[in-house]
Protein chains: 4
Amino acid sequence: MSDKRERILSAAETLIARCGFQGMSMHLVAQHAGVATGTIYRYFADKETLLRCVHEERMQEIGNRVTRGLDPGASCYDQFRTLWLNTIHCLLDSPDCLLYRVQYEASPLFSKEEDQELHDRYFKPVFEFFEQGLEEGLFRELPAEVLCGMTLENLLLLTQKHTKGRIDLHEGLYESLIDANWNAILKR
Amino acid sequence: MSDKRERILSAAETLIARCGFQGMSMHLVAQHAGVATGTIYRYFADKETLLRCVHEERMQEIGNRVTRGLDPGASCYDQFRTLWLNTIHCLLDSPDCLLYRVQYEASPLFSKEEDQELHDRYFKPVFEFFEQGLEEGLFRELPAEVLCGMTLENLLLLTQKHTKGRIDLHEGLYESLIDANWNAILKR
Amino acid sequence: MSDKRERILSAAETLIARCGFQGMSMHLVAQHAGVATGTIYRYFADKETLLRCVHEERMQEIGNRVTRGLDPGASCYDQFRTLWLNTIHCLLDSPDCLLYRVQYEASPLFSKEEDQELHDRYFKPVFEFFEQGLEEGLFRELPAEVLCGMTLENLLLLTQKHTKGRIDLHEGLYESLIDANWNAILKR
Amino acid sequence: MSDKRERILSAAETLIARCGFQGMSMHLVAQHAGVATGTIYRYFADKETLLRCVHEERMQEIGNRVTRGLDPGASCYDQFRTLWLNTIHCLLDSPDCLLYRVQYEASPLFSKEEDQELHDRYFKPVFEFFEQGLEEGLFRELPAEVLCGMTLENLLLLTQKHTKGRIDLHEGLYESLIDANWNAILKR
DNA sequence: GATGAATGAGCTTTCATTCAT
DNA sequence: TATGAATGAAAGCTCATTCAT
C-alpha cells in the first residue's frame with residue numbers, strides 16, 4: 001500500500017528540516033517512517049531519487065496552495081491579495097518546507113532545467129497573473145519573474161526571519177505589507 | 001603562525017563553494033591548505049567550529065562590502081542607493097557565497113542567538129539607516145528588519161534567479177528596481 | 001508442476017554464465033523464470049541447494065555429451081578418439097560452462113564427497129575406458145584419474161586459452177593434439 | 001610501514017582460498033590482517049584493486065618459483081625437468097594459490113589484455129624455452145602456448161585432484177609423469 | 001608545534017529469506 | 001500452492017578525529 005511511500009516521503013522531509021541535508025540518513029528515515037531500511041528502496045531507487053521526489057511533491061503542494069481560489073476574472077488587485085495571502089499562509093504553516101527547499105536548491109542535485117520544468121508545471125497561474133498585469137500596462141516593465149520575486153517569493157525571507165524569531169509576523173502587519181509590495185510593482 | 005589558520009579558513013571556504021557543504025572533507029581542506037590533517041585541529045576544535053568560523057568571516061566581509069562608502073550625513077535616498085548598489089554588486093560578485101550561506105543557515109549548526117549576534121556586529125550600520133528613516137517618519141511603520149528584508153535581502157532572491165539563468169540582471173534594470181524597492185517602503 | 005522447477009534451474013544456469021556466480025541473485029532468477037521470488041523456495045531449500053542442483057544438472061549433461069557414441073567394443077584408440085573429440089566439442093560449444101564449473105568447484109559449496117559421487121555417477125564410462133586400457137597393459141601404470149587428467153580434462157586448459165584469445169584451436173590442430181595426448185599415456 | 005600492506009594481501013589470499021571469492025569481505029580481511037577496515041583503503045583504492053594486486057603478486061611469485069634455476073645453456077630435456085619439478089613443487093606447496101587463481105580468472109575482473117601482460121612479464125623464460133625447442137625441431141609443431149599447457153599448466157589439474165583427495169601425487173609418480181609429458185610434445 | 005597513518009562508527013545499498021494474503 | 005512486499009543483516013566504503021612520532 002502506498003501508505004508507506006507517503007510515510008517515507010514525510011519522514012525524509014521532516015528529517016531534512018530538522019537535521020539538515022547531511023543529517024538525513026536513510027536509516028533514520030526508515031526509523032521515522034516505521035519501515036525497514038530496505039523498504040525505502042522498494043519505493044525509491046536511491047537516496048538521490050528520494051530527495052528529488054520529496055522536492056517535486058512539495059513543489060506541487062505549494063503550487064496548489066498558493067493558487068487556490070485564484071479567480072482570473074477578479075480585479076488585478078484582488079488576485080494579487082489572494083496570491084499574497086495564500087503564500088504567507090502556506091509559508092507560515094509549513095516552515096519545514098522552507099528549510100527543505102532552500103537546501104535542496106543549494107545542493108548539487110539541483111539542476112536548472114529540472115527546476116524550470118517544475119515551475120512551469122506547478123506555478124503557471126502565478127506567472128500568468130503577472131504577465132496579464134504587464135499586458136494591461138499596470139505593472140512596471142520588469143520581467144514577470146522579477147515582479148513575482150519582489151512580492152511573493154520575497155515572503156520567504158520574511159517568514160524565515162519570523163521562524164528565526166527576528167521579527168514577529170502577525171496579521172496586523174499584513175495590510176501594510178500587501179500595500180508595500182503592491183506599490184513596489186505598480187507602474188507610476 | 002596564524003598564516004596557517006588563514007590558509008585553512010580559505011581552503012574551507014573554497015571547498016564549500018566548489019563541492020557543497022557535504023563535499024567539504026577535513027582531509028581535502030588540509031590538502032588545499034597545504035597542511036597535515038591533524039594541524040587543522042590545532043586551530044579549530046572540530047569541523048563544526050571551523051564551519052562557524054568560515055561563516056563569521058564571510059558575514060564580516062559581506063557586512064563590510066555592503067556598508068562601504070555609506071555616509072550617514074548624506075540624504076536618505078542617497079544612502080539607500082549606496083546600500084542597494086553595494087548589495088547587488090556584492091551578491092553578483094560572489095554567487096558562491098549565497099549557496100554557502102543558505103546551506104549554513106539551514107544546517108543544525110545554525111543558532112538563532114549566534115545569528116543575531118553576527119548581524120548586530122556586522123550589519124549594524126544597515127539597521128541604523130532604516131531606524132533613522134523610521135524616526136524621520138520617512139518609511140512605513142514596519143520593523144527595520146522587515147524594511148531591510150523587502151529591499152536589500154530581497155536582492156538575494158533576484159541574484160539567485162540570475163545565477164539559475166531564469167532572469168537576466170543587467171544594469172539597465174537597476175534604476176527601475178531601486179525605484180520599486182524605494183516605493184515599497186516609503187510612507188504615503 | 002515440475003515445469004517451474006525446470007524453468008528456475010534454467011534461469012539460474014543462464015544467469016550464472018552471464019553475470020557470474022556473484023551476480024546471480026534469487027530475485028533475478030525468479031524474474032527470468034517468470035515466477036515469484038518465494039516460489040523458488042518451494043522447489044529449493046535455499047540458494048545453496050539451487051546452486052548444487054544446477055551443478056549436478058550440468059555435470060550430467062557434460063557426462064552425457066562426452067560419452068555419447070562411445071562403443072566399448074571398438075578399439076582402444078578409436079574409443080580414445082571418440083572421447084577426445086566429444087570433449088573438445090563440448091568444451092568449445094559451451095565455454096560458459098567452464099567458467100561456471102571453475103567457480104563452483106572453488107566455492108565453499110563444493111565438497112570432496114559430493115564431487116566424487118557426481119563423477120562416479122556421470123563419468124563412469126570414461127573411467128572404465130581408462131581402467132580397461134590399463135588392464136590390457138596398453139597405458140602407463142598411472143591412476144586412471146591421472147590418465148584422464150592428462151588427456152581429456154587437459155582440454156579444459158586449452159579451450160580456456162582459446163576463449164581468452166591466446167591460442168587458436170582450429171580443427172587443423174586436432175590430429176596432432178590427439179596424437180600428442182595418446183603418446184603421453186601409451187606405455188613404451 | 002609496508003608490513004601492513006603485506007598482511008592485508010596475505011589475509012585476502014587466504015580468505016579467498018578458504019571462503020571463496022564471494023566470502024572474502026573487506027571486514028574479514030581487516031580482521032585477519034589485524035587492522036581496521038579503513039586501513040585497507042589507505043593501501044588499496046577499493047576491493048577490486050586489492051584483488052588485482054593479490055593476483056599480480058601471486059603471478060610474480062609463481063613466475064619466480066617456476067623459472068628458478070633454469071639454465072638456458074643446459075640440455076633441452078634438463079631444462080624441461082627443471083621447469084616441471086619447479087612447477088609441481090610450487091603448486092603443491094601453495095594449494096591456496098590455485099583456488100585463488102582459478103576464481104580470479106573466472107571473475108569479471110579478469111581482462112585478456114591484463115592477463116597477457118602479466119604472462120609476458122613473469123613467464124617469459126618459460127615460453128622462450130618452448131620456442132627454442134620448436135626452433136631446434138625437437139618439439140611437435142604446435143604453438144608454444146599449447147605445448148606449455150599440455151605439460152606444465154596441466155599439472156594444475158593434477159594438483160587440484162590431489163588437493164581434492166582424488167589422486168595421491170607422491171614422488172614415485174614423478175618420473176613417469178615427466179616422461180609422459182615429454183613424450184607428448186616430442187616430435188616423432 | 002606539526003605530522004599523517006590509523007581508527008572505527010556510520011553511511012548507502014543489496015539481497016537471501018520470510019510470511020500474510 | 002503461489003505471490004511479492006517487507007525484512008534486516010551484512011556488504012563496500014568514507015571521513016572526522018586521534019595520537020605516536
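Below, chain A is the first sequence line, B the second, and so on; all start at residue 1.
Closest-nucleotide positions on DNA chain F for A/Val35 and D/Ala45 were compared, and the one nearer the 5' end corresponds to A/Val35. Place B/Ala36 and A/His27 on DNA chain E by their nearest nucleotides, and B/Ala36 ends up nearer the 5' end. Projected onto DNA chain E by closest heavy-atom contact, C/Glu48 and D/Gly38 fall at different nucleotides, the more 5' of which corresponds to D/Gly38.
Look at C/Lys4 and you'll find a side-chain N or O under 4.0 angstrom from OP1 or OP2 of F/dA2. For the pair C/Tyr43 and F/dA2, the criterion of a side-chain N or O lying under 4.0 Å from OP1 or OP2 is met. Between C/Thr37 and the phosphate of F/dG4, there is no side-chain N or O to OP1/OP2 separation shorter than 4.0 Å.
A/Asn64 and A/Gln60 are not linked by any side-chain donor-acceptor pair at a separation below 3.5 angstrom, with hydrogens and angles left out of the test.
Counting only heavy atoms from C-beta outward, the side chains of A/Thr37 and A/Val29 never approach each other to under 4.5 Å. With contacts defined as side-chain heavy-atom distances shorter than 4.5 Å, the pair B/Tyr122/B/Glu61 does not qualify.
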- Given B/Lys164 and A/Gln116, is the side chain to side chain contact (heavy atoms under 4.5 Å, CB included) satisfied, shown in steps? CA-CA 9 Å; B/Lys164 286 183 204 164; A/Gln116 185 67 53; over 6 Å; no

- Task: Decide yes or no on side chain to side chain contact (heavy atoms under 4.5 Å, CB included) for D/Glu56 and D/Glu114, but give the supporting numbers first.
- Result: CA-CA 10 Å; D/Glu56 170 144 13; D/Glu114 187 204 20; 5.8 Å; no

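Under the 30°/60° scheme for interplanar angles, the aromatic rings of A/His55 and A/Tyr104 are found to lie parallel.
Among the nucleotides F/dT17, E/dA5, F/dG12, the one closest to the side chain of D/Arg42 is E/dA5. Picking from E/dT7, E/dT3, F/dT14 the nucleotide with the shortest atom distance to the side chain of D/Tyr41 gives F/dT14. Of the candidates F/dA2, E/dG4, F/dC13, F/dC13 carries the atom nearest the D/Lys47 side chain, counting heavy atoms from C-beta on.
One atom, CG of D/Asp3, and another, P of E/dA5, lie 15 Å apart when rounded to the nearest Å. Rounded to a whole Å, the CZ atom of D/Arg7 is 9 Å from the P atom of E/dA6. The CD-P distance, from D/Gln31 to F/dG12, rounds to 13 Å in whole Å. Atom CG of D/Leu28 is separated from atom P of F/dA10 by 12 Å (rounded to the nearest Å). What separates CE of D/Met26 from P of E/dG10 is a distance of 21 Å, to the nearest Å. Spacing between atom CZ of B/Phe44 and atom P of E/dA2 amounts to 13 Å, rounded to whole angstrom units. One atom, CG of B/Leu51, and another, C1' of F/dT17, lie 15 Å apart when rounded to the nearest Å. With rounding to whole Å, D/Ile40 atom CD1 is found 13 Å from E/dG8 atom P.
Interatomic distance, D/Ile8 CD1 to D/Met26 CE, rounded to the nearest 0.5 Å: 8.5 Å.
By the side-chain contact (heavy atoms from CB on, under 4.5 Å) test, A/His32 is found to be paired with A/Ala11, A/Leu15, A/Arg18, residues two or more places apart in sequence or in another chain being considered.
Consecutive pairing runs in DNA chain E reach the stem threshold at E:2-21 with F:2-21, where a stem means at least three Watson-Crick or G-U wobble pairs with distances under 3.5 Å.
Nucleic acid contact for B/Ser25: sugar-phosphate only, since backbone atoms but no base atoms lie under 4.0 Å from a heavy atom of the residue.
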